[in-house]
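To start, the structure itself, in structure tokens.
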Amino acid sequence: TCDKSGSSGGEADLTFELPQCEILLDQSRISCPNPEVRPQGFEQVQTTGEWVCSEGYYGVAVRTCVMETEGDSCMLKAKFEGCPPLTSCRTPDPPEDHQVFDMPRCGYNTDGCDAVEEGSSCAIGCNYPYVGDPVIATCPPNNVDPNQSLQYDLPNCRKICPAPKAEEGYEQDKDGEWHCMDQYAGIAVKNCDVDENCTRSVYLTGCSKLSPCAAPVLDPCKY
């Protein structure tokens, strides 16, 4: 629209909204030249003209013609998609990967599992004070996702808990079980704690020394 309210005598600016225009391209009926420089990750089979992914890339190569603006002109240009680069898997985090938090992260040995290439493997084992057989962790072949986790089962890591230091009020029978000594009451418990730095603490709890009851406080005039 042209605003008629102006009084300056000059030309008024048109006010308008741009229409919503879409480019409809029938890929089967149009053609566009290949770029002078071959796009990274793509190569053309000379005998068939088909575009495929280059070595080190994986997927299905798709070549389409798109309309692009160059100055005041519209040009058909080739666009390539579908061939992301092959990449390694992310560093494993066993508790997070398997949602198991009954042992600290330090209990798993993931040395050598940083940036495992697609199709390759590494071993995940146990760190002291845990023992157990290692398992094989594999990065899937043709992986193109940098956030892809390694594929593996958790190793069966068992905590090593030696005998605690003897403490007053506790005794050990011939089968290795701990009990409260005479003059002590409770249930003896052997504790084996491992903190987030894999520092181990082994100690006994549960036995308290028996003691006589205190004399009651009575009114001396009555009792």
Check this for me: does any side-chain nitrogen of one of Asp193 and Arg200 sit under 4.0 Å from a carboxylate oxygen of the other?
no

Regarding Glu81 and Lys79, does a basic nitrogen lie under 4.0 Å from an acidic carboxylate oxygen?
yes

Is the backbone of Asp93 close enough, under 3.5 Å, to the side chain of Glu96 for a donor and an acceptor to pair up by distance?
no

Between Tyr57 (side chain only) and Gln40 (backbone N and O only), is there a donor and an acceptor less than 3.5 Å apart?
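No: the side chain of Tyr57 does not pair with the backbone of Gln40.
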
Are [X] and [Y] close enough that some pair of their side-chain heavy atoms sits under 4.5 Å apart?
X: Asn191; Y: Leu204; value: no
X: Thr87; Y: Asp145; value: no
X: Tyr203; Y: Pro164; value: no
X: Pro129; Y: Cys198; value: yes
X: Val202; Y: Pro162; value: yes
X: Val52; Y: Glu50; value: yes
X: Pro140; Y: Gln148; value: yes
X: Glu118; Y: Ser88; value: no

Using a 6.0 Å cut-off, check whether atom [atom1] of [X] has over 12 heavy atoms from anything other than its own residue.
X: Gln99; atom1: CD; result: yes
X: Ile187; atom1: CD1; result: no
X: Tyr58; atom1: OH; result: no
X: Asp173; atom1: CG; result: yes
X: Met181; atom1: CE; result: yes
X: Gln44; atom1: CD; result: yes

Let me confirm one number: the [atom1]-[atom2] distance from [X] to [Y], rounded to the nearest 0.5 Å.
X: Asp153; Y: Asp97; atom1: CG; atom2: CG; value: 12.0 Å
X: Cys207; Y: Glu171; atom1: SG; atom2: CD; value: 9.0 Å
X: Gln151; Y: Cys139; atom1: CD; atom2: SG; value: 8.0 Å

Might you work through the side-chain contact (heavy atoms from CB on, under 4.5 Å) test for Arg38 and Ser54, ending with a clear yes or no?
CA-CA 11 Å; Arg38 178 170 60 86; Ser54 302; 3.3 Å; yes

Linking directly or through intermediates, with side-chain heavy atoms under 4.5 Å: list the remaining ILVMFWY members grouped with Val194, chain and number order.
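Joined to Val194, directly or through intermediates: Val100, Met103, Tyr108, Val116, Ile124, Tyr130, Val135, Leu150, Tyr152, Leu154.
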
Assess whether side-chain contact (heavy atoms from CB on, under 4.5 Å) is satisfied between Cys161 and Lys190, documenting all intermediate values.
CA-CA 9 Å; Cys161 293; Lys190 174 186 173 182; 4.2 Å; yes

Verify the distance criterion only: is there a donor paired with an acceptor across the side chains of Thr91 and Asp114 at less than 3.5 Å?
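A pair is found: one side chain offers a donor N or O, the other an acceptor, under 3.5 Å apart.
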
Verdict with reasoning, Arg90 to Ser149, per side-chain contact (heavy atoms from CB on, under 4.5 Å):
CA-CA 6 Å; Arg90 64 173 174 80; Ser149 62; 3.3 Å; yes

Tell me the closest heavy-atom pair linking Gly112 and Cys122, and the distance in Å.
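Answer, listing the atom of Gly112 first, then Cys122: O-CB, 3.6 Å.
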
Can you list, pair by pair, the side-chain donor-acceptor contacts under 3.5 Å of residues 59-69, counting residues two or more places apart and other chains?
unit_1: Arg63; atom_1: NE; unit_2: Asn34; atom_2: OD1; d: 2.9
unit_1: Arg63; atom_1: NH2; unit_2: Cys32; atom_2: O; d: 2.6
unit_1: Arg63; atom_1: NH2; unit_2: Asn34; atom_2: OD1; d: 3.0

Using the rule given for side-chain contact (heavy atoms from CB on, under 4.5 Å), can you reason through Cys106 versus Glu196, listing the C-alpha separation, both sets of side-chain angles and the distance that settles it, and then say yes or no?
CA-CA 7 Å; Cys106 62; Glu196 61 182 11; 5.8 Å; no

Mind checking side-chain contact (heavy atoms from CB on, under 4.5 Å) for Lys209 and listing every partner two or more places apart, or none if nothing turns up?
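If we apply the side-chain contact (heavy atoms from CB on, under 4.5 Å) test to Lys209, skipping adjacent residues, the hits are Tyr184.
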
